[in-house]
Amino acid sequence: MASKNTWIDGLAIEQLFTTANLPDMVKVVGMPDLHPGQGYPIGAAYFSADLIYPSLIGSDIGCGMALWQTEIPLAKLSIDKLERRIGNIDQPITRGKYNLGTIGGGNHFAELQKVSEIYDHDLFAQYQLSNKNLFLLVHSGSRGLGHAILQQHVAKFGEKGLAQASPEAQTYLEKHNNALDFAHYNRQTVAERLFDNLNTTGREILNVHHNFLERVNDEGQQGWLHRKGASPATAGLVIIPGSRGDYSYLVNPIANADLLSSLAHGAGRKWRRADCKAKLENRYSTDQMLRTKLGGRIICEDRDLVYEEAPQAYKSIDSVIESMQQAGLIQIVAQLTPVLTYKTQGGD
DNA sequence: ATGTCC
């Protein structure tokens, strides 16, 4: 799906061929944010006829993006004040419940953003959006719950596909659906905690998974659509964020049944996590790393994570968005710019 | 990715 301007790691393409050759796999589609994962690539959709592959969904079942329009006005915006008030939501709200209400690690974040450009004024108005308010974007998933589900599954059945009618497939699907609900609610809980700290409220604009399994009809054939880092083109508006130093785009998907009704879920990694620190630590101080070119600030008290999720480690979001726009897959509603990115207040 | 991990 990618245009010539989109950089794609050769290993990710290899991994995509590997998945295409799995038993019963009918069709695979790589998104422009495709990048290598653990055996299988991220940023792709996989359609099988009868076999379900839990490992293709991965351990963060229900990972996704949710967006709110907050009541915080942009006028007289003080980032200092936001930074002081945003507080610490690293501790779960209930013990023993898989860290409900927390963001998690890796590429997960909560980010206050402002609208920097409106592309489609009609849709912007139709969804009652305002460029005078801050937005909150939450990228998180099912935390320890999804992880436990996949771990238990793989321990028993390994990587092989499961026939949909088998008891093990039914068991997995039931747990998978619970994880989707948990992930959806987790993103809402994260938002509510931040709203409390910031003394505001918000209206949910979207709350959409990009790691999940769905029963669909693809060009006349019933089967199982596995999305791994792929946003659905069938669930209304989606937001496709760049790195913390880049824009996010709120887009209206245009139906693309032949491409498995899916879109990129972000910019996609360019550098492996393990390489980031060595590439960056001699060039930038930690303080420099916590400010971005677009004027955003980062709260991240985990030094390794600061490097691992650096903007330099990600592809350009504009190249990813451009690919999909040129292919006629999206209608851009608005561009948003990061103001304050919350990763963790905790220690290393 | 992970109530992470020695």
Side-chain angles (χ1 to χ4, degrees), chain A residues 9 11-12 15 19 31 33-44 46 53-66 88-110 138-155 159 172 175-176 178-180 182-187 189-190 193 208-213 226-231 241 243-244 264-277 300-310 313-314 341-348:
Chain A
D9 191 316
L11 175 59
Q15 290 182 335
T19 55
M31 307 299 147
D33 60 335
L34 189 79
H35 59 283
Q38 292 172 9
Y40 315 108
I42 298 157
Y46 313 99
Y53 286 93
S55 292
L56 288 182
I57 304 302
S59 68
D60 196 359
I61 303 160
C63 186
M65 305 284 175
N88 184 337
I89 61 159
D90 294 345
Q91 296 309 311
I93 55 168
T94 317
R95 290 181 192 283
K97 294 283 180 187
Y98 300 109
N99 278 348
L100 178 66
T102 60
I103 293 165
N107 57 0
H108 289 172
F109 62 84
V138 175
H139 177 203
S140 187
S142 55
R143 311 290 287 105
L145 176 61
H147 186 246
I149 292 168
L150 185 69
Q151 204 174 37
Q152 285 161 18
H153 175 82
V154 170
E159 302 275 312
Y172 173 77
K175 290 179 178 176
H176 160 278
N178 287 338
L180 295 192
F182 183 89
H184 187 273
Y185 181 56
N186 186 48
R187 290 186 286 272
T189 309
V190 164
R193 296 178 84 186
V208 178
H209 310 298
H210 51 231
N211 290 355
F212 68 110
L213 192 51
H226 305 66
R227 287 192 182 88
K228 173 60 171 180
S231 295
S243 73
R244 68 193 186 208
H265 78 310
R269 290 195 80 87
K270 192 168 67 182
W271 298 350
R272 294 167 52 208
R273 276 200 176 91
D275 296 341
C276 296
K277 200 171 183 180
C300 185
E301 294 297 323
D302 176 335
R303 199 159 175 274
D304 288 340
L305 193 55
V306 170
Y307 290 102
E308 286 166 6
E309 295 303 316
Y314 283 82
T341 308
Y342 183 107
K343 296 289 287 181
T344 175
Q345 302 273 22
D348 282 298

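Predicted, not measured: the structure shown is a model, and the values here were computed from it.
Rounded to an integer number of Å, the gap from A:D304 CG to B:dT4 C1' is 13 Å. In this structure, the CD atom of A:Q91 is 10 Å from the C1' atom of B:dG3, given to the nearest Å. Atom CG of A:L100 and atom P of B:dG3 are 12 Å apart (whole Å). A:H147 has its NE2 atom 7 Å from the P atom of B:dG3, to the nearest Å. Going from atom CG of A:D60 over to atom P of B:dG3 covers 9 Å, rounded to whole Å. For the pair A:D302 CG and B:dC5 P, the computed distance is 14 Å after rounding to whole Å. When rounded to the nearest whole Å, the span between NE2 of A:H108 and P of B:dT2 equals 5 Å. What separates CZ of A:F182 from P of B:dT2 is a distance of 11 Å, to the nearest Å.
For A:H108, the side-chain hydrogen bond (donor to acceptor under 3.5 Å, both in side chains) criterion is met by A:D60, not counting sequence neighbours.
Contact annotation for A:G37: no contact, since no heavy-atom pair falls under 4.0 Å across all strands. Using a 4.0 Å heavy-atom criterion, one finds that A:G58 contacts no nucleic acid atom at all. At a threshold of 4.0 angstrom between heavy atoms, the contacts of A:G141 with the nucleic acid are absent. If you check every strand for non-hydrogen atoms under 4.0 Å, A:Q38 touches a base.
No side-chain heavy atom of A:S142 sits under 4.5 Å from any side-chain heavy atom of A:Y98.
A salt bridge links A:R273 with A:E309; the closest basic N to acidic carboxylate O contact falls under 4.0 Å.
Side-chain contact annotation: A:Y53 with A:E159, donor-acceptor N/O pair under 3.5 Å absent.
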